[in-house]
Asker: 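Got a structure for you, written out below as structure tokens; questions coming shortly.
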Amino acid sequence: MTLVAQGKVRDIFDAGDDRLLLVATDRISAFDVVLPTPIPDKGRVLTACSLFWFHRLEPVISNHLISGDHEVFPSPYDEDPELAGRATLARAADVIPMECVVRGYLAGSGWTQYRERGSVCGIRLPLHLEESAKLPEPIFTPTTKATEGHDLPLAPGEASELVGTGLYERLREVSITLYQRMFQRAFGAGLVVADTKFEFGFDRETKELTLIDEVGTPDSSRFWATEGYQPGRPQPSFDKQFVRDWLDASGWDHEPPPPVLPADVVEATAEKYRDAYERITGEAFDVYRRRMGVPS
């Protein structure tokens with residue numbers, strides 16, 4: 001196995017013939033630091049969500065997915081049962097160095113920018129909006145793609161200069177369309193997609209613009225339950241916010257080394273991730289595990 005890249009959560013291996021094996025681990029990061037305590041099945045939830053959305057968003061744009069079935073992975077990856085349900089075989093692409101973020105609601109760093117400037121990534125918004133408020137229409141708020149530390153917000157002019165005006169407009173159009181498709185499906189399942197992140201590249205074989213990495217996961221998207229949604233305050237979400245809150249309450253200064261997570265925080269976080277998958281897809285996560293041949 002040849003490791004070609006390693007992120008906070010994913011390990012990427014060379015699978016030959018311009019193909020990559022993307023492995024979503026159970027690692028979890030917070031405040032740009034990888035924590036010492038894994039979250040059971042977190043990687044499989046991320047993979048399961050991405051597989052679900054890749055298939056449903058393909059009418060909008062092609063994606064890099066070849067298969068999520070570990071039995072058809074090339075050797076030696078097909079011999080590792082631990083890859084079942086947590087890895088995808090994908091076509092290699094030349095990655096565009098920009099995170100494509102779409103926001104439909106005012107939350108997170110978008111809320112912080114709005115309070116300070118009345119705008120998000122250089123886009124002026126109406127006055128007197130509340131935290132978690134629904135925006136008049138989804139906005140495209142790209143960021144840099146940092147290898148270390150935080151991604152930085154890009155105003156439209158900065159983003160156009162980074163990737164070129166024509167490509168910027170194409171990415172904005174496609175990203176907003178993908179967000180709208182996701183929103184419609186999730187809302188029907190009782191979830192709000194407050195914001196989400198997409199990544200794109202150019203397929204090395206076809207040279208076409210392609211959706212890559214992950215899509216519609218609790219790590220790349222901010223999901224809220226429609227029941228109980230109320231603007232003017234933060235909303236409970238289906239991601240690692242539970243971990244962030246515990247870390248802040250623990251007194252940790254956000255510098256390495258991070259503390260070990262207690263068992264109850266690990267289980268509550270794992271349940272949040274599983275719940276997100278089940279709400280989005282309508283399928284029990286245990287059914288996904290069995291379908292993908294995950295060892296008991």
Asker: Decide yes or no for Phe140 and Val174: does some side-chain heavy atom of the first lie under 4.5 Å from some side-chain heavy atom of the second?
Answerer: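 No. Closest side-chain heavy atoms not under 4.5 Å.
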
Asker: Hey, are the side chains of Ile96 and Leu209 touching, using non-hydrogen atoms and a 4.5 Å cut-off?
Answerer: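 A side-chain contact under 4.5 Å exists here.
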
Asker: Within the 4.5 Å heavy-atom criterion, are Thr25 and Asp11 side-chain neighbours or not?
Answerer: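 Answer yes - side chains close enough.
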
Asker: Without swapping roles, check the side chain of Gln113 against the backbone of Cys121 for a donor-acceptor pair under 3.5 Å.
Answerer: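 Present.
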
Asker: Show your reasoning for whether side-chain contact (heavy atoms from CB on, under 4.5 Å) applies to Val215 and Thr196.
Answerer: CA-CA 8 Å; Val215 60; Thr196 194; 5.9 Å; no

Asker: For salt bridge (charged side-chain N to carboxylate O under 4.0 Å, His left out), just list the numbers for Glu130 and Arg233, CA-CA rounded to whole Å, side-chain angles, deciding distance to a tenth of an Å, and then say yes or no.
Answerer: CA-CA 8 Å; Glu130 299 179 292; Arg233 58 172 175 79; over 6 Å; no

Asker: So, Thr144 side chain and Asp151 main chain: donor-acceptor pair closer than 3.5 Å or not?
Answerer: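 The answer is no, because no donor-acceptor pair under 3.5 Å joins these two groups.
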
Asker: Nearest 0.5 Å, please: how far is CG in Asp245 from OG in Ser250?
Answerer: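 If we round to the nearest 0.5 Å, Ser250:OG and Asp245:CG are 11.0 Å apart.
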
Asker: Should Leu46 and Ile280 be counted in the same cluster of Ile, Leu, Val, Met, Phe, Trp and Tyr side chains packed under 4.5 Å apart?
Answerer: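 Same hydrophobic cluster.
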
Asker: Is there a side-chain contact between Val4 and Leu20 (heavy atoms, below 4.5 Å)?
Answerer: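 They are in side-chain contact.
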
Asker: Show the nearest heavy-atom pair for residues Lys8 and Ser29, with the distance to one decimal.
Answerer: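 Lys8 and Ser29 have their closest heavy atoms at CD-OG, 3.5 Å.
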
Asker: Could you note down all residue pairs passing salt bridge (charged side-chain N to carboxylate O under 4.0 Å, His left out) where residues 206-221 supplies at least one of them, sequence neighbours left out?
Answerer: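 Sorted result for residues 206-221: Arg10-Glu214, Lys42-Asp219.
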
Asker: Can you give me the closest heavy-atom contact between Gly216 and Met182, atom names plus distance?
Answerer: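 Of all heavy-atom pairs spanning Gly216 and Met182, the closest is CA-CE, 3.5 Å.
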
Asker: Do Trp53 and His55 pass the ring pair (Phe, Tyr, Trp, His ring centres under 6.0 Å) test, and can you show the C-alpha distance, the side-chain angles, and the key distance before you say yes or no?
Answerer: CA-CA 5 Å; Trp53 288 116; His55 290 305; over 10 Å; no

Asker: Using the test ring-ring contact (aromatic ring centres under 6.0 Å, His included), find all partners of Phe285 that sit at least two apart in sequence or belong to another chain.
Answerer: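 Partners of Phe285 under the ring-ring contact (aromatic ring centres under 6.0 Å, His included) test: Tyr277, Tyr288.
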
Asker: Look at the side chain of Ser220 and the backbone N and O of Thr217, then say whether any donor-acceptor pair between them is shorter than 3.5 Å.
Answerer: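 Yes, because the side chain of Ser220 sits within donor-acceptor range (under 3.5 Å) of the backbone of Thr217.
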
Asker: Within this structure, what is the CG-CG distance for the pair Leu178 and Asn63, rounded to the nearest 0.5 Å?
Answerer: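 The distance works out to 10.0 Å.
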
Asker: Indicate the atoms forming the closest heavy-atom contact of Cys100 with Ser175, along with that distance.
Answerer: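 Smallest heavy-atom distance, with atoms named: CB-OG, 3.5 Å.
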
Asker: Salt bridge or not between Arg279 and Asp275? Use side-chain N to carboxylate O under 4.0 Å.
Answerer: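 Counted as a salt bridge, because a side-chain N and a carboxylate O are separated by less than 4.0 Å.
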
Asker: Under a 4.5 Å side-chain heavy-atom rule over Ile, Leu, Val, Met, Phe, Trp and Tyr, are Leu21 and Leu51 clustered together?
Answerer: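 Shared cluster, no.
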
Asker: Roughly how far apart are His70 NE2 and Thr47 OG1, rounded to 0.5 Å?
Answerer: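 Atom-to-atom, His70:NE2 and Thr47:OG1 are 13.0 Å apart.
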
Asker: Side chains of Asp203 and His64, heavy atoms from C-beta outward: is any pair under 4.5 Å?
Answerer: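 Of all side-chain heavy-atom pairs linking His64 with Asp203, none is under 4.5 Å.
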
Asker: Are Val266 and Val33 connected in a single hydrophobic cluster, I mean Ile/Leu/Val/Met/Phe/Trp/Tyr linked by side-chain heavy atoms less than 4.5 Å apart?
Answerer: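 Yes; tracing contacts between hydrophobic side chains, which count when under 4.5 Å, links both residues.
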
Asker: Mark yes or no for whether Tyr273, through its side chain, and Gly43, through its backbone, hold a donor-acceptor pair below 3.5 Å.
Answerer: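 Between the backbone of Gly43 and the side chain of Tyr273 there is no qualifying donor-acceptor contact (under 3.5 Å).
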
Asker: Go through Phe242 and Ser237 one step at a time and tell me if the side-chain contact (heavy atoms from CB on, under 4.5 Å) criterion holds.
Answerer: CA-CA 8 Å; Phe242 192 86; Ser237 58; over 6 Å; no

Asker: Taking all non-hydrogen atoms of both residues, which atom of Gly110 and which atom of Val120 are closest, and how far apart?
Answerer: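 Residues Gly110 and Val120, closest heavy atoms: O-CG2, 3.4 Å.
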
Asker: If I take atom CD1 from residue Ile123 and atom OH from residue Tyr114, how far apart are they, to the nearest 0.5 angstrom?
Answerer: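 Interatomic distance, Ile123 CD1 to Tyr114 OH, rounded to 0.5 Å: 13.5 Å.
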
Asker: With a 4.5 Å heavy-atom cut-off, do Phe238 and Leu191 have their side chains touching?
Answerer: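 Yes - at least one pair of side-chain heavy atoms lies under 4.5 Å apart.
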
Asker: In plain terms, say whether Glu267 and Arg274 are close enough for a salt bridge, that is, a side-chain N and a carboxylate O under 4.0 Å apart.
Answerer: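 Here Glu267 pairs with Arg274 in a salt bridge, since their nearest N and O are under 4.0 Å apart.
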
Asker: What's the spacing between Leu261 CG and Thr269 OG1 if we round to 0.5 Å?
Answerer: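 Result: 7.0 Å between the selected atoms.
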
Asker: Linking I/L/V/M/F/W/Y whenever their side-chain heavy atoms sit closer than 4.5 Å, directly or via other members, would Ile61 and Ile212 fall into one cluster?
Answerer: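 Different clusters.
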
Asker: Any non-hydrogen side-chain atom of Arg181 less than 4.5 Å from a side-chain atom of Val60?
Answerer: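 In short, these two side chains touch, coming nearer than 4.5 Å.
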
Asker: Rounded to the nearest 0.5 Å, what separates atom OG in Ser62 from atom CG in Leu57?
Answerer: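 Going from OG on Ser62 over to CG on Leu57, the span is 12.0 Å.
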
Asker: Indicate the ring-plane relationship of Phe198 and Phe200, choosing parallel, tilted or perpendicular according to the 30° and 60° boundaries.
Answerer: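 Tilted, since the angle between the ring planes falls between 30° and 60°.
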
Asker: Any heavy-atom pair between the side chains of Met98 and Pro142 that's under 4.5 Å?
Answerer: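 Result yes, sub-4.5 Å side-chain heavy-atom pair found.
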
Asker: Could you tell me which residues satisfy ring-ring contact (aromatic ring centres under 6.0 Å, His included) with Phe187, sequence neighbours excluded, listed by chain and number?
Answerer: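 By the ring-ring contact (aromatic ring centres under 6.0 Å, His included) rule, Phe187 matches Phe183.
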
Asker: Side chain of Tyr179, backbone of Val193: donor and acceptor closer than 3.5 Å?
Answerer: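 Looks like yes, one N/O pair under 3.5 Å.
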
Asker: Determine whether the side chains of Asp248 and His254 contain a donor N or O and an acceptor N or O closer than 3.5 Å.
Answerer: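 Present: a donor and an acceptor within the cut-off.
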
Asker: Other residues, nucleotides and ligands only: do more than 12 of their heavy atoms fall within 6.0 Å of CD on Glu116?
Answerer: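 Check passes, neighbour count above 12.
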
Asker: Taking atom CD of Glu271 as the centre, report whether more than 12 heavy atoms of other residues, nucleotides or ligands fall under 6.0 Å from it.
Answerer: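 Enclosed.
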
Asker: Is the positively charged end of Arg56 above the ring of Phe52, judged by distance under 6.0 angstrom from the centroid and angle within 45° of the axis?
Answerer: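 Yes, Arg56 and Phe52 form such a contact.
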
Asker: With no hydrogens and no angle check, do the side chains of Arg103 and Ser109 hold a donor and an acceptor under 3.5 Å apart?
Answerer: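 Yes - a donor-acceptor pair under 3.5 Å links their side chains.
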
Asker: Report the C-alpha distance between Asp94 and Arg204 in whole Å, list the side-chain angles of each, state the deciding distance to 0.1 Å, and finish with yes or no for side-chain contact (heavy atoms from CB on, under 4.5 Å).
Answerer: CA-CA 7 Å; Asp94 294 319; Arg204 288 184 183 168; 3.1 Å; yes

Asker: Taking all atoms of both residues into account, what is the closest heavy-atom pair of Pro218 and Ala276, and its distance?
Answerer: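 Reported closest heavy-atom pair: CG-CB, 3.8 Å.
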
Asker: Find out if a path of hydrophobic residues (ILVMFWY) with successive side-chain heavy-atom gaps under 4.5 Å connects Val9 to Phe223.
Answerer: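 Yes, same cluster.
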
Asker: List the atom of Trp252, the atom of Ala30, and the distance in Å for their closest heavy-atom pair.
Answerer: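 Of all heavy-atom pairs spanning Trp252 and Ala30, the closest is CH2-O, 4.1 Å.
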
Asker: side-chain contact (heavy atoms from CB on, under 4.5 Å) for Phe54 and Thr88? Distances and angles first, verdict last.
Answerer: CA-CA 11 Å; Phe54 275 136; Thr88 52; 6.0 Å; no

Asker: Would you call Lys145 and Glu199 a salt bridge, taking side-chain N to carboxylate O under 4.0 Å as the test?
Answerer: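 Yes, Lys145 and Glu199 are salt-bridged.
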
Asker: I'd like to know if Asp41 and Arg289 make a salt bridge, using a cut-off of under 4.0 Å between side-chain N and carboxylate O.
Answerer: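 Salt bridge: yes.
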
Asker: Count the heavy atoms belonging to other residues, nucleotides or ligands that lie under 6.0 Å from CD of Glu161, then report whether that count exceeds 12.
Answerer: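 No.
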
Asker: Give the C-alpha distance, both sets of side-chain angles, the deciding distance and a yes or no for ring pair (Phe, Tyr, Trp, His ring centres under 6.0 Å) between Tyr105 and Trp224.
Answerer: CA-CA 11 Å; Tyr105 291 73; Trp224 299 333; 5.6 Å; yes

Asker: Is the closest basic N to carboxylate O distance between Asp14 and Arg19 below 4.0 Å?
Answerer: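 Arg19 and Asp14: not salt-bridged.
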
Asker: With side-chain hydrogen bond (donor to acceptor under 3.5 Å, both in side chains) as the test, would you mind laying out the steps for Thr143 and Glu99 before giving the verdict?
Answerer: CA-CA 5 Å; Thr143 71; Glu99 305 274 5; 5.4 Å; no

